[in-house]
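These notes concern the structure reproduced below.
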Amino acid sequence: LERKPTRKGLAAIYRQEIIQDVTLFTSQSAAMFYDKLFSSLDFTLPRAATGRRGFPKEAMVCAFIVMKCEGFTQITDLVDYLDNNLLIAHYCGFNIMKPLPSYWTYDRFLKKMDNAALKEIMAAQVKKLYEMGIVDASFIGLDSTPVMANTKQNNPKSFAKNKFSKENHPKSDPIIQCTLSTTGNNKISKVPPSTSLKWTGELFLLSDFLILTVLDCALGVHSASNQHNERRYEFYWGYKSHVLVDCISGLPLYELTTPGNVADSSVAADILAAANQTVSLKECTFLADKGYDVKSIYNTVKTVYEGEAFIPLNPRGTKDLKALPAGNPVCEAGFAMHKDGKTTDNGRTRQKYCCPFRQSKTSVCPCNHKNWNNGKKNRGCTKYKTVPDDYRLSVDRSCLCFKRTYALRTECERYNSRFKSTGQERLWVRNGTSAANLNTLAHISALTVALAAVLHGSHSYRSAKQLRRSA
């Protein structure tokens, strides 16, 4: 005869079935949100031919997408979240019947993952959104945002001395060197932080070797105020995330992570060239702030992409000369200065103006200028005005068309705000590879949310919270 289970036995059986049902421990909205999110992803990453199989790289990428969507700043928060939500870990691609990745597994993945593979995933997402008509490269904006590294020198409460001195690099910051030997053999290696180096201004010298200063973590500066009449700057150790944004949809087209000391204008041409391989930038309208006011950028947009550049002028310490309606500047004595030929240097043409009493033998300078009694033949004051003979100076920045078009650049600021909300403003890592991978993963998560929203009929493809509510 079969023995019927007692009440305690039935309770134990039901309790075990409840524990095995992972869906009961995850909110339905979060489960449906990540189900929609990962159903829109379709990518594969190469695996090593030999060695331990480890966790799938695709699952690791999905786990970091969860981290960015939840706004976690630490890996420990991600580990706890997946341990308590096994259904979401299953959606990521992990085998929940086995132990999930630990902290060190995620950390090792960031350090060893090739950033080029992540950029290919991002490019595929951008191309798919472009084919669906969501992303348009007609109006594009380029901007950078500071990303602080995990070092005590960025802590305002730290008592370390000379925190922002160029010679005081973070101790565990690796230095990539190019060793030039007498035999002509070049090799790339890393110098331990404890190695004594001699700083020469641009290079590090170690005995008879030449070490290039390719530092992962560099000293940068960013504006601490948005007021036009207030100049406040803050220094930091870290990186810059340069993002090319579609100013209509507010989604990223391409991103590049550089050390914090790299000028924005120096990487603009490379970013445009890389983005053009994914989405055609022909006849685009390029928007950027004063940091990109460089003649080469104007010429690149005009000649290479046949577009228009809307960039405000950067005065760069130029003085506002008092001039007459005819264009002649006024000297310190209040007289109109005379033209004295043109000069060409550094790719620019300037009109020279001289003192109106320069060749007079009887007149005296009314203001007794310091160059009047210099004993030279061409005495008196001189001034120069740049002749607008290039595309940069031919742009009319006072017209209504320029102002309304340039107003679209605020979409870059909005995207940077969403980017920082994912925990990217202050990183928990310091080395450059991990920082670059985290930045790329943050942009991939934004594109993944947009793809999922479009494929499932949501009206908002910029906010993960809105897609979660619709789920």
Side-chain angles (χ1 to χ4, degrees), residues 119 122-123 126-127 129-130 133-145 240-256 258 262-318 320 327 342-351 384-416:
K119 277 190 168 60
M122 182 177 176
V126 171
K127 189 175 296 184
L129 287 169
Y130 179 76
I134 303 301
V135 168
D136 185 14
S138 299
F139 296 88
I140 56 176
L142 182 59
D143 198 8
S144 67
T145 183
K240 282 184 179 180
S241 177
H242 307 263
V243 190
L244 186 68
V245 179
D246 174 25
C247 293
I248 303 300
S249 64
L251 296 176
L253 301 178
Y254 186 81
E255 69 89 21
L256 179 65
T258 62
V262 175
D264 295 346
S265 58
S266 62
V267 297
D270 297 334
I271 292 176
L272 291 175
N276 188 51
Q277 297 178 0
T278 304
V279 179
S280 176
L281 302 182
K282 188 175 182 181
E283 298 182 357
C284 66
T285 300
F286 180 74
L287 312 173
D289 57 16
K290 294 181 180 180
Y292 300 89
D293 183 32
V294 180
K295 187 181 295 186
S296 59
I297 297 179
Y298 288 88
N299 297 336
T300 300
V301 174
K302 188 69 174 179
T303 58
V304 178
Y305 305 105
E306 301 177 2
E308 299 291 335
F310 286 75
I311 307 174
L313 277 178
N314 191 345
R316 293 187 177 90
T318 57
D320 188 13
K342 297 181 180 179
T343 178
T344 303
D345 58 346
N346 297 328
R348 61 179 179 178
T349 302
R350 296 189 298 171
Q351 175 68 56
Y384 293 89
K385 287 184 64 176
T386 303
V387 179
D389 59 347
D390 58 351
Y391 174 52
R392 172 177 174 266
L393 298 177
S394 64
V395 177
D396 184 10
R397 295 171 174 81
S398 61
C399 65
L400 186 61
C401 176
F402 180 90
K403 295 179 180 179
R404 289 187 174 180
T405 305
Y406 185 72
L408 296 175
R409 199 197 70 85
T410 56
E411 198 61 47
C412 298
E413 304 293 344
R414 295 190 185 97
Y415 179 77
N416 283 335

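Keep in mind the model is a prediction, meaning the values are calculated, not measured.
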Specify the closest pair of heavy atoms between Ser398 and Lys403, including all atoms of both residues, with the distance to one decimal.
-> O-CE, 3.7 Å

Taking the side chain as C-beta and beyond, is there a heavy-atom pair between Asp143 and Val245 under 4.5 Å?
-> no

Could you label the plane-to-plane angle of the Tyr292 and Phe286 rings as parallel, tilted or perpendicular, counting under 30° as parallel and over 60° as perpendicular?
-> perpendicular

Could you give the distance from OG1 (Thr285) to CZ (Phe139), rounded to the nearest 0.5 Å?
-> 4.5 Å

What distance separates Ile271 CD1 from Glu255 CD, expressed to the nearest 0.5 Å?
-> 8.5 Å

Over all heavy atoms of both residues, which pair between Ser280 and Ala137 is shortest? Give the atoms and the distance, please.
-> O-CB, 3.6 Å

Side-chain contact, heavy-atom cut-off 4.5 Å: Asp289 with Arg409?
-> yes

Taking atom OH of Tyr305 and atom CG of Leu281, what is their separation to the nearest 0.5 Å?
-> 6.0 Å

With no hydrogens and no angle check, is any side-chain donor or acceptor of Tyr391 less than 3.5 Å from a backbone partner on Val301?
-> no

Which pair of heavy atoms, one from Pro252 and one from Val243, lies closest together, and at what distance?
-> CB-CG1, 3.8 Å

Main-chain N/O of Ile311 paired to Tyr298 side chain as donor or acceptor, under 3.5 Å = yes

Is Asn416 reaching over with its side chain to a backbone N or O of Thr145, donor-acceptor style, under 3.5 angstrom?
-> no

Is there side-chain contact between Ile297 and Ser265, with at least one heavy-atom pair below 4.5 Å?
-> yes

Gap between atom NZ of Lys385 and atom CD of Gln351 - 0.5 Å precision | 9.0 Å

Shortest non-hydrogen pair, Phe310 vs Tyr406, comes out as O-CD1, 3.5 Å

Heavy atoms, side chains only, cut-off 4.5 Å: are Arg392 and Leu313 in contact?
-> yes

Rounding to 0.5 Å, atoms CG (Leu408) and CD1 (Ile248) come to a distance of 5.5 Å

Tell me, with the steps shown, if Thr278 and Met122 meet side-chain contact (heavy atoms from CB on, under 4.5 Å).
-> CA-CA 10 Å; Thr278 304; Met122 182 177 176; over 6 Å; no

May I have the step-by-step check of side-chain contact (heavy atoms from CB on, under 4.5 Å) for Glu308 and Lys302, ending in yes or no?
-> CA-CA 6 Å; Glu308 299 291 335; Lys302 188 69 174 179; 3.0 Å; yes

How close do Ala288 and Pro312 get, heavy atom to heavy atom, and via which atoms?
-> O-CD, 3.3 Å

Check: Thr349 main-chain N/O paired with Lys342 side-chain donor or acceptor under 3.5 Å = no

Thr405 and Cys401 have their tightest heavy-atom pair at OG1-O, 2.8 Å

Keeping the roles fixed (side chain from Asp246, backbone from Asp136), state whether a donor-acceptor pair exists under 3.5 Å.
-> yes

Spatial distance of atom SG (Cys247) from atom OH (Tyr415) [nearest 0.5 Å] | 13.0 Å

